Protein chains: 2
Amino acid sequence: MTQTQFRYCGLNVALKTLTGKWKPMILFHLFRTEEIRFNELWRIIPKVSKKVLLQQLGQMEEDGLLIREERKGFPPEVYYRISEKGRALGSVLAQLEAWANTYAPQQVQQVFDSEKHVPSFD
Amino acid sequence: MTQTQFRYCGLNVALKTLTGKWKPMILFHLFRTEEIRFNELWRIIPKVSKKVLLQQLGQMEEDGLLIREERKGFPPEVYYRISEKGRALGSVLAQLEAWANTYAPQQVQQVFDSEKHVPSFD
DNA sequence: CAGTATCCCGCGTGATACTG
DNA sequence: CAGTATCACGCGGGATACTG
């Protein structure tokens, strides 16, 4: 039996940065691609309003999870990519995913079914 | 460089079960003790209303994170303890805690300071 | 194309009083 | 002691139109 210990202050902070309706999906895509433009991201994420997507990206930038790069010109080009801080979360996110798949497979399936098409990348 | 992969459906489910203002603290205490009575928990968690604490405990029971045991008699005695499913999250929670302490120490410190007294058990 | 401005609504959280 | 009933409020999320 593994005895794991933690305090809750850091846990609070970590969960706060991860909390947001679209953040898991955003992270998923950031982990998949080197960089991605806003509209590209917006197109592949169904049913989110532009305002909210911008909002969540803004929070994630504030929290240092991602890096926003604005290449000058017109029309504007803005690229988002995962940061080091964000990448450091990768294994933990994978473990959360694994935990859910193990202990709550039916709920995971529900989320899966509730979406038109979950990008299946192999 | 560790390449970690995850989909977001399970991540969504996992984060949903962890989302709640007092859940990190509740988990912390459940991991510390074998079992704990409601009022005991209520006393050591400052500034949470009884209703909300009950609410969050209720959700966590629904999600199978903890086990609620009601021992008959009067006045009633209700004990809460971590479940297997909940315990399986231990190492992940510890990693989230560690991540926050590494990458956002000042925010963690802020949370720490904003509380009268964070139970420091060693 | 990327971002802002408004207006809106439901839900998570909270204070307080009451009950078995 | 543990739990419920009410009432209230702010905030996250959403629809839509507009701007540089």
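Numbers restart at 1 for each chain; the letters A, B, ... are given by sequence-line order, proteins then strands. Values in this document were obtained by computation on a predicted structure and should not be read as measured data.
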Checklist line | Other residues, nucleotides, ligands: >12 heavy atoms within 6.0 Å of A:Glu84 CD | finding: no
Taking any heavy-atom pair under 4.0 Å as a contact, classify [X]: base, sugar-phosphate, or nothing.
X	value
A:Tyr80	sugar-phosphate
A:Val78	sugar-phosphate
B:Trp42	nothing

In whole angstroms, how far is the [atom2] atom of [N] from the [atom1] atom of [X]?
X	N	atom1	atom2	answer
A:Glu69	C:dG3	CD	P	13 Å
A:Lys50	C:dT6	NZ	P	17 Å
B:Gln55	C:dC11	CD	P	13 Å
B:Leu57	C:dT13	CG	C1'	15 Å
B:Leu53	D:dT4	CG	P	13 Å
B:Ile36	D:dA2	CD1	P	10 Å
B:Glu40	D:dA2	CD	P	9 Å
B:Lys47	C:dT13	NZ	P	16 Å

Next item on the list: Might you work through the side-chain contact (heavy atoms from CB on, under 4.5 Å) test for A:Leu89 and B:Leu96, ending with a clear yes or no?
Entry: CA-CA 8 Å; A:Leu89 266 179; B:Leu96 282 170; 3.9 Å; yes
Notebook entry, point to check: For the residue pair A:Tyr8 and B:His29, does the interplanar ring angle fall in the parallel (under 30°), tilted (30 to 60°) or perpendicular (over 60°) class?
Noted result: tilted
Margin query: Treating A:Lys85 as the side-chain partner and A:Asp63 as the backbone partner, does any N or O pair qualify as donor plus acceptor under 3.5 Å?
Written below: yes
Notebook entry, point to check: Pick one: which of A:Glu69, A:Glu35, A:Glu34 meets salt bridge (charged side-chain N to carboxylate O under 4.0 Å, His left out) with A:Arg81?
Noted result: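 Testing each of A:Glu69, A:Glu35, A:Glu34 against A:Arg81, the sole residue satisfying salt bridge (charged side-chain N to carboxylate O under 4.0 Å, His left out) is A:Glu69.
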Margin query: On the nucleotide D:dG14, are OP1 or OP2 found under 4.0 Å from the side-chain N or O atoms that A:Lys21 carries?
Written below: yes
Item checked: Phosphate contact (C:dC1 OP1 or OP2) by A:Arg37 side-chain N/O below 4.0 Å -> no
Ignoring the backbone of [X], work out which of [options] is nearest its side chain.
X	options	answer
A:Asn39	D:dC1, C:dA2, C:dT13	C:dA2
A:Pro76	D:dT4, D:dG14, C:dC1	C:dC1
A:Ser49	D:dA15, C:dG14, C:dG3	D:dA15
A:Arg68	D:dA2, C:dG3, D:dG13	C:dG3

Checklist line | Chi angles and distances behind the side-chain contact (heavy atoms from CB on, under 4.5 Å) call for A:Leu18, B:Leu11 | finding: CA-CA 10 Å; A:Leu18 291 174; B:Leu11 189 56; over 6 Å; no
Margin query: I'd like to know if the side chain of B:Gln107 pairs up with that of A:Lys16 as donor and acceptor (distance under 3.5 Å, no hydrogens or angles considered).
Written below: no
Check: Taking the nucleotide of DNA chain D with the closest heavy atom to each, which residue, A:Gln56 or B:Glu70, is nearer the 5' end?
Finding: B:Glu70
Check: Quick one: on DNA chain C, does A:Phe74 or A:Lys51 contact a more 5' nucleotide (nearest heavy atom)?
Finding: A:Phe74
Check: Would A:Phe38 and A:Leu57 count as a side-chain contact (heavy atoms from CB on, under 4.5 Å) if you check the C-alpha gap in whole Å, the side-chain angles of each, and the deciding distance to 0.1 Å?
Finding: CA-CA 9 Å; A:Phe38 176 78; A:Leu57 286 169; 3.8 Å; yes
Margin query: As a check on the pairing definition, encode DNA chain D in dot-bracket form, counting Watson-Crick and G-U wobble pairs whose two distances are under 3.5 Å, and using | for partners outside this strand.
Written below: ||||||||||||||||||||
